[in-house]
Amino acid sequence: MLKIYNTLARDKQEFTPITPNTVSMYVCGMTVYDYCHLGHARVMVVFDMVYRWFKASGYDITYVRNITDIDDKIIRRAAQNNESIHQLTQRFIDAMHQDADALGVQRPDHEPRATQFVPEMLAMIAQLEANGLAYQAADGDVNYAVRKFDGYGKLSGKSLEDLRAGERVEVTTDKHDPLDFVLWKHARDDEADEVKWDSKWGKGRPGWHIECSAMGSKLLGEHFDIHGGGADLQFPHHENEIAQSEGAHNCQYVNYWMHNGFVRVDNEKMSKSLDNFFTIREVLKQYDAEVVRFFILRAHYRSPLNYSDAHLDDAKKALDRLYTALKGSGEAGGVDWNESHAQRFKAAMDDDFNTAEALAVLFDLANEVNRTQSAEAASQLKALGAVLGLLERDPTEFLQGTGSDDALIVEQIAARNAAKQAKNYAEADRIRKELLADGIVLEDSAAGTNWRRV
RNA sequence: GGUGCGUUAGCAAAUCGGUUAUGCCCCGGAUUGCAAAUCCGGUUAGCCCAGUUCGACUCUGGGACGCACCUCCA
C-alpha cells in the first residue's frame, strides 16, 4: 500500500485515488525567463520518479506540469533583451526540454502554458466574483478577498493573524486587506499588446496563482489527487490555489499535497536572489546527467540536498559501482516482483517514495551480482534501476564516458600488454601510470584488459 | 516576532524501541607480476539534558544549534 506524506495533514497517509487505479497529478513548473538551475532539476526529477513509480505500480496516471509564460519577470527580461515575450519564453522552454531530456525526465502528459488558458482563468475569476470572493479595486486590479475564505491557511498552517498583515507584505492601499492577492492585473500603458487580454474588468493579464488553479481544474478536474511543487510554493502560492479553486468550485481541490526539499549550496537554499545557483547545463558540462539524477534520487525527496563537487564526485563513484556490476550482463527482462530485493525496493518506494532506501537495495543486489555472477540478479538490478530511470545505458559506455582519443588508449593498452608478455613490468606499469594521470584506470581480467574513466 | 522542518559515524544518507543500513573514504585479508575491479572482514554513529521502558539513535518533555516560510521563488 502506497503511503504519501501529505503536507495538508503533515503526516504520511495511505494513498487512495479518487478513481480506482487512476491518478491525476499536477506539479508547478517553471517560469520561463532563464535557464533551469539545479533546484528546478530536483522538482523535475523527483516528480518524474513519482510519475514512473505510479506507472510501475499499475496506475493510469495523468501528469500535468505547467509552464508560466506570462509574468513580471518575463516582461522585464523580454524588454531588456529587446525580444518578444513569445521569443523569450519559447527559447527557454526549448532549453528546459533539453535539460529535462538529458536528466532522463519523461515529458508530462500535458505541459499547459498559462497564455493558452486565459479564458479559463477569466471564467474562474468571474465565478469567484459571483461567489463574493473577488472584487475589483480602485486601481483596476481584481483581487481575492482572503478574509472571505474560511479555510485560508489550512495548507501552510498559518493563520491570518500570524501573518501579521502588512508587516512584510507591501501595503497596497487599493486592497481591502494587505494579504489579498491579485487575480487580474490591469494593463499598463507602457506594456506591449502581447501582454494584454480583454476582460470584463478591462484589459490586463492574469495573476500567477490563478494560472495553476485554472489549468489544473481544466485538465484534471475540479477535484484531483496530487498536487506537487517545491517547498517554497506552500505559501502563498498553494494556499492561494486552494482558496481560488475551493472558493470557485465549492469542493475539495486536492487530496494530497507533496513538496520537495530545496537544493542547497553551503547549507543555504539555492536561489536566484542569493546568486548561488548552478544551471543544469553548467553542471552537465562537468558531470554526466545520470550522475546528477542519481545524486538527486540518493536523498529522500523531502530532505534538503546539499550541492557540491565533492558530493557529485561521490555520486559518480557510487553509480560506477552499480554499472560495474552490470558489465557484461545481457538485456534486462521485466522486474520479478516476487524476488526479495524487488520486494524491499517496492516497500521502500511505497513508503513515501523512499528512493534512498530503494537505491540501497540496488547496492545489495549489485553485491549479489558480483558474488554469484547470477544473470537473474543482474537482470533484476537493471530492471529495478530502470524503474527509477537509471542504469539504462550500456555499462561500458557509461564507465568509459567521453573524453580524449579512445583509439589512443586502446593503442597504449596493446603496448602495455606486449610489455607484460615480455615480462617487462616496468614498462607495463609506466604505461598504466601514464594513463592513470589522464584519468584512465585499467582493469586486467582473464578476458583481457578493460578501461574506464574516473 | 509567528510558523514549520531538521540535527545519525571522516563525508553523504536511510531504517528501526532490542538484531549488518547503504555509498564514498580508511585499515586488514583473499585475488593479482604489481595494481585496478571484485570478494571476505574491520574501525568510526546517533547535538545536549531529563523522563517513559526490562531495554531508546528510535517515544515524551525541555534546551542548544541549523534551515525554511511569513515578499517573487522549484
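All chains are named by letter (A, B, ...) in the order of the sequence lines, taking the proteins before the strands, and each is independently numbered beginning at 1. The basis for the numbers below is simple: all heavy atoms, side chains too, and nothing from hydrogens, waters or symmetry mates.
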What's [X] touching, base or sugar-phosphate or nothing? Going by heavy atoms closer than 4.0 Å.
X: Q234(A); value: nothing
X: H259(A); value: nothing
X: R416(A); value: base
X: A318(A); value: sugar-phosphate
X: A231(A); value: nothing
X: N267(A); value: sugar-phosphate
X: M270(A); value: base
X: G229(A); value: sugar-phosphate
X: D429(A); value: base
X: V263(A); value: base
X: L442(A); value: base
X: D444(A); value: base
X: G29(A); value: sugar-phosphate
X: K420(A); value: base

Does [X] place a side-chain N or O at less than 4.0 Å from the phosphate oxygens OP1/OP2 of [N]?
X: N367(A); N: C40(B); result: yes
X: K269(A); N: C69(B); result: yes
X: R371(A); N: C40(B); result: yes
X: R452(A); N: A37(B); result: yes
X: R321(A); N: U38(B); result: yes
X: S303(A); N: A14(B); result: yes
X: N354(A); N: A14(B); result: no

When the distance from [atom1] of [X] to [atom2] of [N] is rounded to whole Å, what number comes out?
X: L436(A); N: A35(B); atom1: CG; atom2: C1'; answer: 10 Å
X: F295(A); N: A13(B); atom1: CZ; atom2: C1'; answer: 11 Å
X: R293(A); N: G23(B); atom1: CZ; atom2: P; answer: 21 Å
X: M349(A); N: U15(B); atom1: CE; atom2: P; answer: 14 Å
X: L435(A); N: A35(B); atom1: CG; atom2: P; answer: 19 Å
X: R430(A); N: C34(B); atom1: CZ; atom2: P; answer: 21 Å
X: I431(A); N: A35(B); atom1: CD1; atom2: P; answer: 19 Å
X: K317(A); N: C25(B); atom1: NZ; atom2: P; answer: 5 Å

Item to check | Short N-O contact, R430(A) and E427(A), less than 4.0 angstrom | outcome: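 Salt bridge: yes.
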Checklist entry - Are any of the side-chain nitrogens in K317(A) or D313(A) under 4.0 Å away from the carboxylate oxygens of its partner? => result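 Looking at D313(A) together with K317(A), the answer is no, because their closest N to O distance does not fall below 4.0 Å.
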Checklist entry - Start at the 5' end of RNA chain B and walk down; is the nucleotide closest to G157(A) or to H311(A) reached first? => result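 By nearest-heavy-atom nucleotide position, the 5'-most residue is G157(A).
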Checklist entry - Does R10(A) or S273(A) map to a spot on RNA chain B nearer the 5' end, using the closest nucleotide for each? => result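 The residue whose closest nucleotide sits nearer the 5' end is R10(A).
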Item to check | Step-by-step side-chain contact (heavy atoms from CB on, under 4.5 Å) determination, L183(A) to F181(A) | outcome: CA-CA 7 Å; L183(A) 296 165; F181(A) 57 91; 3.9 Å; yes
Next on the checklist: Under the side chain to side chain donor-acceptor pair (under 3.5 Å) test against K12(A), which residue among N6(A), D351(A), D352(A) passes?
Outcome noted: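 Checked N6(A), D351(A), D352(A) against K12(A); only one passes side chain to side chain donor-acceptor pair (under 3.5 Å): D351(A).
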Item to check | side chain to side chain donor-acceptor pair (under 3.5 Å) partner of Y253(A), chosen from E241(A), E246(A), H238(A) | outcome: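 Output: one option passes, namely E241(A).
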Euclidean distance for [atom1], [N] against [M] (whole angstrom):
N: C47(B); M: U8(B); atom1: P; answer: 7 Å
N: G62(B); M: A45(B); atom1: P; answer: 30 Å
N: A64(B); M: C72(B); atom1: C1'; answer: 33 Å
N: C34(B); M: U15(B); atom1: C1'; answer: 41 Å
N: C57(B); M: U19(B); atom1: P; answer: 10 Å
N: U32(B); M: C25(B); atom1: P; answer: 23 Å
N: C39(B); M: C5(B); atom1: P; answer: 40 Å
N: G42(B); M: G23(B); atom1: P; answer: 14 Å

Item to check | is_close_aromatic(F15(A), F54(A)), centroid dist under 6.0 Å | outcome: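 Yes, close enough.
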Checklist entry - Would Y5(A) and Y256(A) count as a close aromatic pair, with their ring centres under 6.0 Å? => result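 Judged by ring-centre distance (under 6.0 Å), Y5(A) and Y256(A) do not meet the cut-off.
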Watson-Crick or G-U wobble partner for [N], using a 3.5 Å limit on both distances?
N: C24(B); result: G10(B)
N: C34(B); result: none
N: U43(B); result: none
N: C54(B); result: G18(B)
N: A74(B); result: none
N: A68(B); result: U3(B)

Next on the checklist: If you only use heavy atoms from C-beta on, which nucleotide in C70(B), A36(B), A74(B) is closest to the side chain of F235(A)?
Outcome noted: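 Closest of the options to the side chain of F235(A): C70(B).
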Checklist entry - Considering only U22(B), A13(B), C34(B), which nucleotide approaches the side chain of D364(A) most closely? => result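 Of all the options, the side chain of D364(A) is nearest to U22(B).
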Checklist entry - Are R77(A) and N81(A) close enough that a side-chain donor and a side-chain acceptor fall under 3.5 Å? => result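 No - no donor-acceptor pair under 3.5 Å links their side chains.
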[X] (side chain) and [N] (base): donor-acceptor pair under 3.5 Å:
X: R264(A); N: C67(B); value: no
X: K73(A); N: C72(B); value: yes
X: R42(A); N: A74(B); value: no
X: N306(A); N: C11(B); value: no

Checklist entry - Using centres under 5.5 Å plus planes under 30 degrees as the test, is Y425(A) stacked with G33(B)? => result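 Here Y425(A) meets both the 5.5 Å and the 30° conditions.
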Checklist entry - Can you say whether the rings of F295(A) and H311(A) are parallel (under 30°), tilted (30 to 60°) or perpendicular (over 60°)? => result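 Plane angle under 30°, so parallel.
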Checklist entry - Parallel under 30°, tilted from 30 to 60°, perpendicular over 60°: which one fits the rings of F363(A) and F294(A)? => result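 Perpendicular, since the angle between the ring planes exceeds 60°.
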